Amino acid sequence: VTVSVPVVRPDLGDEEVEAATRVLRSGWIMQGPEVAAFEAELAAFLSAGHVVAVSSCTSALELALRVLGVGPGDDVITVSHSFIATANAVLATGARPVFVDVEPDNYGMDPRQAAAAITPETRAILAVHQLGFPCDLAPLLELGLPVVEDAACALGSELDGVRLGRPHGVIACFSFHPRKVVATGDGGALATADPQLATRLRWLRQHGQEGEHFVEPGWNHRMTDLQAAIGRTQLRRLPAALTERRRLAARFAAALARSPVLAPPSERPGVRTNWQSYPARLRPGAPRSQAEVMAHFAARGVATRGGITNAHEEPAYAGTSRFFVGPGGLGASERLRRETVLLPLYHGMTAAEEDAVVSAIDGLA
Ligand SMILES: Cc1ncc(COP(=O)(O)O)c(C=O)c1O
């Protein structure tokens, strides 16, 4: 039997079908009672004061920066080593992204590089919990600027025993894209402890509407009740899903520990990732290239991906004046793109799929 293991497979079953059916039968499909319930349940899961659901994490990031007053003429310190939406959200506010490098072991913003990049124009820091790994937040919070957390990948990840989004920063943003641990098709959410920010975010996701009036220019960033109902079922299963993902990560780490080619990722003390993605890394002096490793897995029916893209290397940014690079350069970001291989990891992986990944790791020499 040939197996075909995707990099990720969203966990969609009878409960999701029933949830979607319930909404359709109710006759109310736009933002309504299901969105409100999803927000309350997510706030409880995160121990966050307020959760505002929106149409995507991209929207959440843009709104987070806007409510903090970021706009034209401002700089936002962020990372290039992220999905392009992180940088695009800064541009969408009219501000300029200032890219700083990442720490190679956790893929997150290097706090020393962030400190060195601050200028009088710096208005905020947009830090990414990349691939689910919590970045080194404490020193970033000490820099005296508002910190927005791009926690798109990091629902259920923990820092010092507390789930990300509590929030440690001013606002944390989550994604429910199909590659994430809770998948609603598209969808996003902002978590904040500040009730005034939450109120303004609720206006801004809906045309700036407060009651009968439109109090400031806004846009339509709403999540629908269909998405929220699906999200609620997945949120209920998330604690068990995280346990399963940790079991898979431990099994892959044990196999990779024996590999002469790829090294396993590791969690820093006090940190737990949700294992949204499983990034293996070429060992120094590895006898195989990233392309050869990916071809090896593909030949065994196991899909992989290369490292996270860097915005400054993509055509939308490269060679343009849309961004600025911090004084430390982006060497680690560029190396990680080329040295990382993302292996399949998702809850709901079958025993045959799991074994296929492990035997492909074992066969790599
Ligand atoms: C780090 C990061 N930020 C932002 C996004 C954008 O999220 P969304 O697809 O919900 O807009 C993603 C991925 O999709 C991401 O991985």
Side-chain angles (χ1 to χ4, degrees), residues 7-8 10 35 38 42 51-66 76-93 97 99-100 102-103 106-109 124-135 137 140 147-157 164-165 167 169 171-191 201 205 219-224 226-228 230-231 234-235 273-279 305-314 316-317 333 336-337 340 342 345-346:
V7 168
V8 73
V35 169
F38 179 58
L42 185 55
V51 166
V52 179
V54 289
S55 52
S56 69
C57 186
T58 307
S59 289
L61 293 171
E62 181 188 342
L63 292 180
L65 294 169
R66 270 190 206 288
V76 174
I77 294 175
T78 189
V79 291
S80 175
H81 193 63
S82 185
F83 182 63
I84 200 78
T86 307
N88 284 347
V90 177
L91 284 190
T93 68
F99 294 137
V100 299
V102 293
E103 299 189 286
N106 74 355
Y107 296 82
M109 182 181 287
I125 294 174
L126 174 53
V128 182
H129 301 300
Q130 192 53 261
L131 302 165
F133 294 86
C135 72
L137 215 42
L140 294 174
V147 175
V148 173
E149 296 168 66
D150 181 342
C153 305
L155 182 62
S157 297
L164 291 175
I171 302 175
C173 302
F174 296 93
S175 171
F176 311 115
H177 172 277
R179 241 177 119 157
K180 312 302 192 240
V181 295
V182 164
T184 65
D186 262 312
L190 303 102
L201 287 166
R205 75 169 163 194
W219 201 254
N220 177 354
H221 292 289
R222 286 186 302 252
M223 176 185 269
T224 70
L226 270 166
Q227 292 162 300
I230 291 167
Q234 300 200 347
L235 196 55
T273 170
N274 61 1
W275 299 108
Q276 190 241 238
S277 291
Y278 193 83
R305 295 281 183 276
I308 298 291
T309 50
N310 294 308
H312 73 280
E313 296 183 297
E314 294 300 311
Y317 287 82
S333 302
L336 286 176
R337 165 98 175 117
T340 301
L342 301 178
L345 192 157
Y346 44 90

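Remember, it's a predicted structure, so these values are computed and weren't measured experimentally. Numbering of ligands and ligand atoms starts at 1, following listing order.
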Nearest non-hydrogen protein atom, [atom]:
atom: atom 12 (C) of ligand 1; value: F83 CD2, 3.6 Å
atom: atom 11 (O) of ligand 1; value: T58 OG1, 2.5 Å
atom: atom 10 (O) of ligand 1; value: S175 OG, 2.7 Å

[X] side chain near [Y] side chain, heavy-atom distance below 4.5 Å:
X: L126; Y: T86; value: yes
X: H221; Y: S55; value: yes
X: Y346; Y: W275; value: no

Taking all non-hydrogen atoms of both residues into account, name the closest pair between F174 and G165 and its distance.
CZ-CA, 3.8 Å
Which heavy atom in S333 sits nearest to a heavy atom in N310, and how many Å separate them?
O-ND2, 3.0 Å
Contact with ligand 1 for [X], non-hydrogen, under 4.0 angstrom:
X: K180; value: yes
X: G187; value: yes
X: G188; value: no

Distance-only, no hydrogens or angles: does the N220 side chain make a donor-acceptor pair with backbone N or O of R222 under 3.5 Å?
yes
Test item: R205 side-chain N/O and A53 main-chain N/O as donor-acceptor pair under 3.5 Å:
yes
Give yes if a backbone or side-chain nitrogen or oxygen of S82 is under 3.5 Å from a nitrogen or oxygen of ligand 1, and no if not.
no
If we only count N/O pairs under 3.5 Å, is D150 in contact with ligand 1?
yes
May I ask you to list the atoms of ligand 1 that are less than 4.0 angstrom from any heavy atom of [X]?
X: S56; answer: 10 (O), 11 (O)
X: V128; answer: 1 (C)
X: T86; answer: 3 (N)

Working note: Q130 + C153, criterion side chain to side chain contact (heavy atoms under 4.5 Å, CB included); need CA distance, chi angles, decisive distance, verdict.
CA-CA 6 Å; Q130 192 53 261; C153 305; 4.1 Å; yes
Working to the nearest 0.5 Å, report the span between NE2 of H129 and CG of L164.
4.5 Å
Tell me which part of C153 gets within contact of ligand 1: side chain, backbone, both or neither, using heavy atoms under 4.0 Å.
side chain
If you measure from each non-hydrogen atom of C57 to ligand 1, which part falls under 4.0 Å: side chain, backbone, both or neither?
both
